[in-house]
Amino acid sequence: MYDFSKIEKKWQTYWKEHQTFKTDVWDFSKPKFYVLDMFPYPSGVGLHAGHVEGYTATDIVSRMKRMQGYNVLHPMGYDSFGLPAEQYAVQTGNHPSQFTEKNIAYFSEQLNTLGFDYDWSKMVATSDPKFYKWTQWIFKNLYQDGYAKYVDMPVNWCEALGTVLSNDEVVDGKSERGGYPVVRKNMKQLCIDQPAFAEKLLEGLEEIDWPESTKEMQRNWIGKSIGAHVTFKIAGHEKEFTVFTTRCDTLFGATYCVLAPEHAYVDEITTEEHKKEVEAYKQACASKSDLERTELNKDKTGVFTGAYAINPVNEEKIPIYISDYVLASYGTGAIMAVPAHDDRDYEFAKKFGIPIIQVLEEVTGTPHENETKKESIVAVVYNPKTKKYLTINWHEKGGRLFIGGTRKENEDALSCAIREIQEETGYKNVECIAELPKIEHHYYAYNKDKYFGIESTGFFFHLKDEEQVEKQLDEDEVFDVEWVDEKKVEEIQDELHQKTYQYAKNPGAMTKDGTHIHSKFLNGMNKQEAIDAMVKWLEEHHCGSRKVNYKFREWIFARQRYWGEPVPIVHLEDGTDYVLEDAELPLVLPELADYKGHHGKAPLENATEWKQYTTKDGRSGTRETSTMPGSAGSSWYYFRYIDPENEKIFCDPKLAEHWLPVDLYMGGPEHAVGHLMYSRIWNRYLYDKGLSPVKEPFKKLVHQGMILGENGIKMGKRYPEYAIDPKDIAKEYGADTLRLYEMFMGPIEASKPWSASGVEGAKKFIDRVFRFFTNLENLTEENDGTLTKIYHQTVKKVTEDFESLGFNTAISQMMIFVNECYKVGKCPKEYAEKFIQMMSCITPHIGEEIWELYGHKETIAYEPWPVYDEKYLVEDEKEIAVQVNGKVRATILVKEEDTDQEIEAKAMEEANVKRHIEGKQIVKVIVIKGRICNIVVKE
RNA sequence: GCUCAUAUGGCGGAAUUGGUAGACGCGAUUGACUCAAAAUCAAUUUUUCGAAAGAAAGUUCCGGUUCGACUCCGGAUAUGAGCACCA
């Protein structure tokens with residue numbers, strides 16, 4: 001046992017007094033390494049177990065890199081704007097900075113008790129005017145370059161509160177607080193133009209070492225889709241409207257159009273007799289929250305406007321509806337609907353009785369050049385009473401099939417199907433439930449020795465009654481009529497019949513690829529050919545073009561809050577906007593008597609004097625009273641750590657050039673699209689402007705997983721009784737134990753449950769290390785070589801695992817080394833010192849303590865990192881497995897220089913191997929050098 | 001619904017390019033030390049059969065590729081995360 005509280009305090013004081021971890025950013029003589037943690041919001045609760053995990057991981061890497069001779073920058077700071085401080089201010093009337101400063105001090109104190117190697121001289125806090133001056137400065141540039149602007153956007157507007165609400169502040173179309181009605185309304189919002197960066201952000205993802213899942217999430221969020229714009233004329237109107245579609249190839253199947261209820265043309269095109277209905281529907285939609293509009297999407301709603309659009313490819317008049325399944329905010333807020341090939345349109349068309357025209361049919365079988373064309377049917381007949389399907393069994397002559405047949409001249413498909421059912425099975429009373437999508441089918445008929453290419457129409461029938469008439473069969477039609485259950489139906493081999501059955505079971509749109517039909521110049525083409533051909537046609541006829549669309553929308557960049565960066569914009573009386581000059585920054589938050597925003601208005605509206613502004617040339621106006629969102633400061637803070645005191649620029653370009661990008665960025669996966677997207681946008685903007693040296697700010701990103709309660713349940717507000725407070729653990733077991741335990745729990749990215757006995761185990765290991773390595777009698781001056789191999793293995797494994805953040809396996813290797821030391825009973829001092837050095841990355845306090853005990857006067861933090869020598873790792877004799885038919889039967893020792901034949905011979909010697917090959921024929925023997933010997937035998 | 005990730009002993013988790021599944025830790029069992037307990041040290045610990053040698057099964061389930069599959073391929077199930085009428 002050792003007195004961790006004394007030791008830990010001692011070394012924390014030492015590091016502070018000696019400024020051990022202060023980084024000279026201007027020292028370019030060594031290679032740089034920039035390790036960054038996502039900075040925390042300084043909450044009054046302090047650190048949680050998840051913080052400790054991420055921070056320890058980066059701490060270990062930064063310590064190793066420092067020992068490897070890098071100039072390491074490992075800073076820490078605070079994302080200190082936020083709601084708790086504001087609430088405190090509202091309640092107490094005190095300025096939120098008091099509260100914030102107190103929490104920062106508390107948080108920093110906690111971080112220090114865990115022994116992290118932060119360079120506190122680089123600390124930043126986003127709520128510090130010295131910092132937010134530059135947040136405002138970058139924003140100002142975004143604004144002047146047109147990337148930040150006021151945009152008309154639909155928002156949740158609450159008249160009673162006089163404010164805009166976010167989606168989660170709206171419940172059932174009413175405001176969460178007060179229950180006042182909320183409507184969707186277009187309003188001017190301060191936004192950052194994210195879509196302008198979409199393409200660059202997508203490209204940037206290719207070059208960075210991030211978790212694939214996070215990149216994928218960002219791609220989905222950006223939501224690029226390649227399609228086309230198609231312009232429709234409106235019958236009897238001058239106006240045209242444009243739709244966005246990814247499937248312009250299906251234009252011949254467009255049987256109606258839909259505008260979003262908020263679409264600008266709705267009022268204009270609605271005919272007199274539909275006005276009332278349309279107005280009512282618009283009202284209903286406006287009062288629905290986004291959530292309701294999407295969550296209740298099972299049932300499509302909408303109303304007809306009375307107007308018709310003209311399909312440009314065939315001049316057909318098709319009705320224009322409005323429906324909330326079309327979003328005003330995506331594409332053009334209008335669509336062409338192709339019910340045959342889109343699930344949503346299909347649903348809508350079914351409900352409103354709109355025609356469904358199939359223009360693409362699935363292809364089965366392989367086409368042949370000399371095939372005979374014909375039209376045919378497949379009828380799936382189901383008896384709801386017995387739950388069985390009607391099939392005919394040709395036995396060995398063709399297996400089981402549904403009813404099929406060829407259409408006669410001038411016979412429509414449905415009549416043909418009914419006739420065939422009667423002729424082949426005798427059943428005469430069937431009810432057609434659905435006509436199924438047509439299928440193009442190619443096959444070879446043995447009995448006729450001919451290739452056929454058919455267009456088959458499927459039908460789904462219910463049997464009404466059992467009444468039968470006499471069958472009318474040709475001579476060669478020899479089969480049994482059988483009613484079978486679902487299981488037997490799935491045994492049907494024929495592709496056409498099986499496909500038809502699938503359509504019958506899952507009615508809906510055909511969204512797969514296929515061959516175009518009923519589409520004039522597209523007929524016979526597949527999906528991609530047809531899209532290309534259609535775009536060409538649209539462009540030639542000036543009614544459409546290729547177009548890329550993004551889900552990515554404007555980033556609303558204003559909040560009705562006090563505790564955020566003031567926006568450096570003034571709204572002048574003449575209606576124009578004025579941006580503050582650089583010299584006027586920072587625009588500091590005024591002290592207020594009352595920090596509450598009344599009637600939902602921004603709290604800064606209370607600053608009557610501060611609000612007033614007069615330009616040098618005497619124009620007066622009022623300041624923007626919204627503040628920036630929380631993610632503003634965090635979008636660029638990693639620049640400021642490099643050069644935190646600079647008063648001329650946000651970061652000296654020479655320093656940025658040297659230190660960026662961040663080499664390792666660690667933080668929770670919850671920021672996968674928020675913060676990590678915003679930071680990339682701001683950096684990309686700065687890069688394009690020549691103010692950032694890199695296209696992407698974070699070269700390598702790792703997410704630490706969540707630490708769950710002992711029962712595997714998420715810690716937090718819902719189950720506070722399971723929460724683990726790192727403070728308590730550090731107090732009871734010491735910071736070194738806490739750090740070691742969290743690193744040993746499992747892979748850093750995985751979510752893993754806390755285990756109290758696991759902490760005990762970590763403590764036990766530290767005690768074991770301490771006991772052995774502080775007993776100087778265990779250390780020998782000379783090295784007899786017993787531990788040489790295991791030592792070099794350990795150095796290799798630990799170095800590689802630290803590099804790849806595999807801390808659990810690195811620790812496991814260190815445990816193996818210590819176990820070995822105990823077994824041997826002594827350890828050469830040179831190995832002991834290097835081992836302690838590796839340990840010191842994880843457990844820095846006992847690392848320094850033992851280092852000092854060994855007679856060193858300086859910190860261990862800058863000692864050169866141990867190196868391993870491959871020559872001690874190669875084994876002259878190695879145990880490999882001998883398998884017989886893939887099952888291990890023995891192990892043998894082989895030498896490096898043994899030939900395959902020698903190994904094989906040695907393997908055959910083994911008694912257990914002999915037993916298993918006895919009396920059997922050896923087919924072959926596989927020898928893989930240094931790995932395995934497999935003998936394949938057969939009876 | 002869509003996208004992504006994950007699935008290995010009683011538990012947390014190991015396992016290069018496919019090559020002895022279960023490293024390391026926890027827990028459990030046994031032994032040593034002790035008057036005793038704790039701590040410590042040593043040993044055993046995937047399951048089943050067996051005194052042992054050994055055998056059989058085994059990485060969520062089903063199927064495939066291979067001399068050989070936790071690893072690769074196809075399909076299913078479960079859990080977690082994100083998105084959610086994106087035309």
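Letters A, B, ... mirror the listed sequences (proteins, then strands); counts begin at 1.
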| query | Reckon A:Ser225 has a side-chain N or O less than 4.0 Å from the OP1 or OP2 of B:rA87? | reply |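 Indeed, a polar side-chain atom of A:Ser225 lies that close.
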Would you kindly give the [atom1]-to-[atom2] distance between [X] and [N], to the nearest whole Å?
| X | N | atom1 | atom2 | value |
| --- | --- | --- | --- | --- |
| A:Ile811 | B:rC26 | CD1 | P | 13 Å |
| A:Tyr741 | B:rC26 | OH | C1' | 9 Å |
| A:Met814 | B:rC24 | CE | P | 15 Å |
| A:Ile790 | B:rC24 | CD1 | C1' | 12 Å |
| A:Lys763 | B:rA39 | NZ | C1' | 11 Å |
| A:Asn220 | B:rC2 | CG | P | 14 Å |
| A:Leu708 | B:rU6 | CG | P | 17 Å |
| A:Met743 | B:rG13 | CE | C1' | 15 Å |

Can you tell me, in whole Å, how much space there is between the [atom1] of [N] and that of [M]?
| N | M | atom1 | answer |
| --- | --- | --- | --- |
| B:rA21 | B:rC26 | P | 26 Å |
| B:rG13 | B:rG63 | C1' | 29 Å |
| B:rA76 | B:rC49 | P | 38 Å |
| B:rG25 | B:rA42 | P | 11 Å |

| Reading nucleotides 42-59 of chain B from the 5' end, what letters show protein touch, with B for base, S for backbone sugar-phosphate only, - for no heavy atom under 4.0 Å? | ------------SSSS--
| note | Each nucleotide of nucleotides 67-76 of chain B classed B (base within 4.0 Å of a protein heavy atom), S (only sugar-phosphate) or -, in 5' to 3' order, makes BS--------
| Side chain proximity check, A:Glu904 to A:Thr899, heavy atoms < 4.5 angstrom |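 Counting from C-beta outward, A:Glu904 and A:Thr899 never come under 4.5 Å.
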| task | Taking side-chain hydrogen bond (donor to acceptor under 3.5 Å, both in side chains) as the test, write out the residues that go with A:Gln883, two or more places apart. | result |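 With neighbours one apart ignored, the set is empty.
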| query | With sequence neighbours left out, what residues match A:Gln358 under side-chain hydrogen bond (donor to acceptor under 3.5 Å, both in side chains)? | reply |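 For A:Gln358 there are no side-chain hydrogen bond (donor to acceptor under 3.5 Å, both in side chains) partners, ignoring immediate neighbours.
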The side chain of [X] lies closest to which of these nucleotides: [options]?
| X | options | result |
| --- | --- | --- |
| A:Arg771 | B:rG25, B:rU40, B:rG13 | B:rU40 |
| A:Glu216 | B:rA87, B:rU3, B:rU40 | B:rU3 |
| A:Ala881 | B:rU20, B:rC24, B:rA87 | B:rU20 |
| A:Tyr325 | B:rA87, B:rC4, B:rC85 | B:rC85 |
| A:Met815 | B:rA15, B:rG27, B:rC24 | B:rC24 |

Solution key, residues 914-925 of chain A side-chain donor-acceptor pairs under 3.5 Å, sequence neighbours excluded:
from     : atom 1 : to       : atom 2 : distance (Å)
A:Arg915 : NH2    : A:Asn912 : OD1    : 3.4
A:His916 : ND1    : A:Asn912 : O      : 2.9
A:His916 : NE2    : A:Arg889 : NH1    : 3.4

Only pairs with both distances under 3.5 Å count, Watson-Crick or wobble alike; so what is the partner of [N] in this structure?
| N | value |
| --- | --- |
| B:rA53 | none |
| B:rU65 | none |
| B:rA32 | B:rU40 |
| B:rA81 | B:rU3 |

| request: Check if the side chain of A:Lys300 and the base of B:rC85 share a donor-acceptor pair of N or O atoms closer than 3.5 Å. | output: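 Side chain to base: pair found, below 3.5 Å.
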| Going through the distances and angles, do A:Thr511 and A:Asp342 end up as a side-chain contact (heavy atoms from CB on, under 4.5 Å)? | CA-CA 6 Å; A:Thr511 50; A:Asp342 180 281; 5.7 Å; no
| With A:Ala762, which residues qualify under side chain to side chain contact (heavy atoms under 4.5 Å, CB included), at least two apart? |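 Here the qualifying residues are A:Thr737, A:Leu740, A:Tyr741.
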| message | Below 30° counts as parallel, above 60° as perpendicular, anything between as tilted: where do the rings of A:Phe241 and A:Phe232 land? | response |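 Answer is parallel, since the angle falls under 30°.
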